Structure formats: C-alpha cells, structure tokens
*Asks:* 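Mind looking over this structure? Questions follow.
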2 protein chains.
Amino acid sequence: MKITRKTVAKSAVLEIFGKSKTALSHTEIQSQMNNVCDRVTIYRILDRLVNDDIIHKIVNLDGTVKYAKCNHAHRVHIHNHAHFSCENCHEITCLENVKPSYIIPHNYKVNDINFTLSGLCPNCLNSNN
Amino acid sequence: MKITRKTVAKSAVLEIFGKSKTALSHTEIQSQMNNVCDRVTIYRILDRLVNDDIIHKIVNLDGTVKYAKCNHAHRVHIHNHAHFSCENCHEITCLENVKPSYIIPHNYKVNDINFTLSGLCPNCLNSNN
DNA sequence: TTTGTAACGCAACTATGTTGCGTTACTATT
DNA sequence: AATAGTAACGCAACATAGTTGCGTTACAAA
Ligand SMILES: [Zn+2]
Ligand SMILES: [Zn+2]
Ligand SMILES: [Zn+2]
Ligand SMILES: [Zn+2]
C-alpha cells in the first residue's frame, strides 16, 4: 500500500463529501470546488479515495457515475448495500441497511456486487408530482 | 404506442442479438454489422428496441453499457434478474433465474432495479488463471 | 401508385474520462 | 532548517460514448 499525501485539493474534496448527504458526481464536485484545482486532478483524487476505501463508486441505471463516502471504519470492506436513485430529483442515496439476498450457481465466483434501485425518493413522493 | 417499422438495419441488429449468448455493447454490434448503417442509426435502433421491450439495457460496474434480448413474451415486464459481469473475459450474461430479495423502507417507491454481480464466470474459473 | 412519416446518413457537437510530461509541493530524513 | 525523493499537480492533447439538427430515403398503409 502506497502512501497518499494530504494536499489542499484532496482536503477540499473531502470537505465537500463531508457536507453532502447524497452521492456526488465528478461534475458536481467540480462545481463546488471554486477552481481550487484542475478537473483532471479531481479525477485522480477520486481514484485515490476509492483505492483507500474512503469513498465508493456508484454506477446508476442511466450510466452516470457518482461517489459517496464510506461509513465503515474497517480497513477492508465491500459495499453490498443498495443505492437509491430518484428519477425526479436525480439524487443518489446510500441505503446502508438494505442488502440483497440471492442464490447464485456455485460455478460463478462473485467478487463485487452492484444493487441499484430507482424510482421516487421520500422527498419527491411527498410533494406528489 | 407508435408504430416501429421493419428496416434492413434493424433486422441486422436483431439477427446479431439472436446469435449472441451474451450481452452486447454498441461498439460490439457495430463491428458485426459490416457497415450496414451509420453508428448513429445503431444508437437509434437500440433505443427503439428497448422501448419496445425487445431488448433490455445493462449498466456494468465499470460504467460500460450493454444490451441483451428479452426472453419474456409479456408485453410489459421488468428485468429484475441478475447480470453477471466477468472481470476476465468481460462478458456480461443474464442470470434469468437469479433474482434478489430485499426489504426497502416503505417511503420509497421502486420502479426499476439493477442487480449486477461481477467476478469470474464458469469458463474463466475453469481455465484457472 | 400515392403519400405521410419513421427511419436514415452525415456532420457537428457535448460530455466524460484518460495519458504524457514537465513542474510543484508534500513529507521523511539528515 | 536544509535536502531529497516522489506523490501530486497543471496543462494540453487525445479517446470514447452518446446526442442533435436537418435534409433525404424508404417503409407501409391507403
Ligand atoms: Zn427525489
Ligand atoms: Zn453507498
Ligand atoms: Zn469470463
Ligand atoms: Zn438480462
């Protein structure tokens, strides 16, 4: 495991994740960064944070990629919880307590899973539109 | 529901899906098409086939998008089966019989689900590399 | 055969992510 | 505090995936 340094750009990204309750895309992060760094740097920071298990990557049904901070303290962990993607407000939320159970043929070896639900979130369901 | 016409390009795409046991990306389809039509046309055909419930869209963990033909005769159906993505040969297969069970808070309304497993497929597991 | 329009080709554009390379700045060591 | 190794950075250029507009073609119903 390599050493990852603390830089101003990385700290800024982490602060944005700290303030956000939902998952964030590269573009969303960039627009909150006030030109602290280049957009390529944000890509590289996100890669590093994923590698260090500080954030995890979420791929939505429509192909959009977002990231959310990990709420686990463990050094090594898998993200087998569900993610909810709202079709109205387009927010993606971690449902840490929702985990799928399934039976898979024994001749497959599963290393990672992605379980995404899409529909209407509580907020958008209330404001019935 | 609009009328969708039968064209040479659409027939070619359908024939390719008929021959394939795994899901196909736009690029993979294009390379099997022998320049029957423009690449934009393939995008439009895929959109139409998804709308007509003839194929379904699969988004992989790495963000790549593939399509597979539907094995249901029903007019309206959801694709709640699992998809397996092999990290070695990169083939994506429908696991029609694998369906996740899960409990979600009642204040969410689920319209669609995406359940993708990644790891090693039976083929790549046998040729132990 | 006529006719309305779905489907098409082509060009241009956007969005997202990657790579190479010379420069900057973080952190451990002296 | 000064030094040094290298992680991280900026910038430009590139790559890939998907979209849009518009004039033209060809499918299918009348
Ligand atoms: Zn919402
Ligand atoms: Zn999550
Ligand atoms: Zn395989
Ligand atoms: Zn499938």
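Note that the coordinates shown come from a computational prediction; the quantities given were computed from them, not determined experimentally. Naming convention: chains lettered A, B, ... in sequence-line order (proteins, then strands); numbering from 1 in each chain.
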*Asks:* Rounding to an integer number of Å, can you tell me how far Ile42(A) CD1 sits from dC9(D) C1'?
*Replies:* 12 Å
*Asks:* Atom NZ of Lys10(A) and atom P of dA7(D): how far apart are they, to the nearest Å?
*Replies:* 13 Å
*Asks:* Go nucleotide by nucleotide along DNA chain D from the 5' end; which of Val8(B) and His26(B) gets its closest nucleotide reached first?
*Replies:* His26(B)
*Asks:* Quick check: closest heavy atoms across Ala23(A) and Ile58(A), and the distance to 0.1 Å?
*Replies:* CB-CD1, 3.8 Å
*Asks:* If you assign each of Ala9(B) and Lys6(A) to its closest nucleotide in DNA chain C, which residue comes earlier from the 5' end?
*Replies:* Ala9(B)
*Asks:* Any chance you could measure Ile45(A), atom CD1, to Thr7(A), atom OG1, to the nearest 0.5 Å?
*Replies:* 5.0 Å
*Asks:* Apply side chain to side chain donor-acceptor pair (under 3.5 Å) to the pair Asp112(B) and Ser118(A), showing each step before the final yes or no.
*Replies:* CA-CA 5 Å; Asp112(B) 202 358; Ser118(A) 77; 4.9 Å; no
*Asks:* Given atom OH of Tyr43(B) and atom P of dT20(D), what is their separation to the nearest angstrom?
*Replies:* 13 Å
*Asks:* Quickly work out the Arg39(B) CZ to dC10(C) C1' distance and round it to whole Å.
*Replies:* 11 Å
*Asks:* Once you measure the plane-to-plane angle for Phe115(B) and Phe115(A), does it fall in the parallel (<30°), tilted (30-60°) or perpendicular (>60°) bin?
*Replies:* perpendicular
*Asks:* Tell me whether the side-chain N/O atoms of Thr27(A) come closer than 4.0 Å to OP1 or OP2 in dT16(C).
*Replies:* yes
*Asks:* Parallel, tilted or perpendicular: which describes the rings of His81(B) and His56(B), with under 30° parallel and over 60° perpendicular?
*Replies:* perpendicular
*Asks:* Nearest whole Å is fine: how far is dA7(D) P from Asn51(A) CG?
*Replies:* 14 Å
*Asks:* Is a donor-acceptor contact shorter than 3.5 angstrom present between the side chain of Arg44(B) and the base of dG9(C)?
*Replies:* yes
*Asks:* Closest-nucleotide mapping onto DNA chain D: is Arg48(A) or Val40(A) further toward the 5' terminus? I mean the 5' end.
*Replies:* Arg48(A)
*Asks:* Measure CG/Asn35(A) against C1'/dC9(D) and give the value in whole Å, please.
*Replies:* 15 Å
*Asks:* Using a strict cut-off of less than 4.0 Å between a Lys/Arg side-chain nitrogen and an Asp/Glu carboxylate oxygen, indicate whether Lys21(B) and Glu91(B) qualify as a salt bridge.
*Replies:* no
*Asks:* How bent is the helix from dT1(C)-dA30(D) to dT30(C)-dA1(D), comparing axes over its five end pairs at each side, to the nearest 10°?
*Replies:* 40°
*Asks:* I'd like to know if Ile104(A) and Leu120(B) are part of one continuous hydrophobic network [Ile/Leu/Val/Met/Phe/Trp/Tyr, side-chain heavy atoms within less than 4.5 Å].
*Replies:* no
*Asks:* In whole Å, I'd like the distance from the CZ atom of Arg5(A) to the C1' atom of dG5(D).
*Replies:* 8 Å
*Asks:* Is the phosphate of dA25(C) approached by Thr7(A) (side-chain N or O, under 4.0 Å from OP1 or OP2)?
*Replies:* no
*Asks:* To the nearest Å, how far apart are Asp62(A) CG and dA17(D) P?
*Replies:* 17 Å
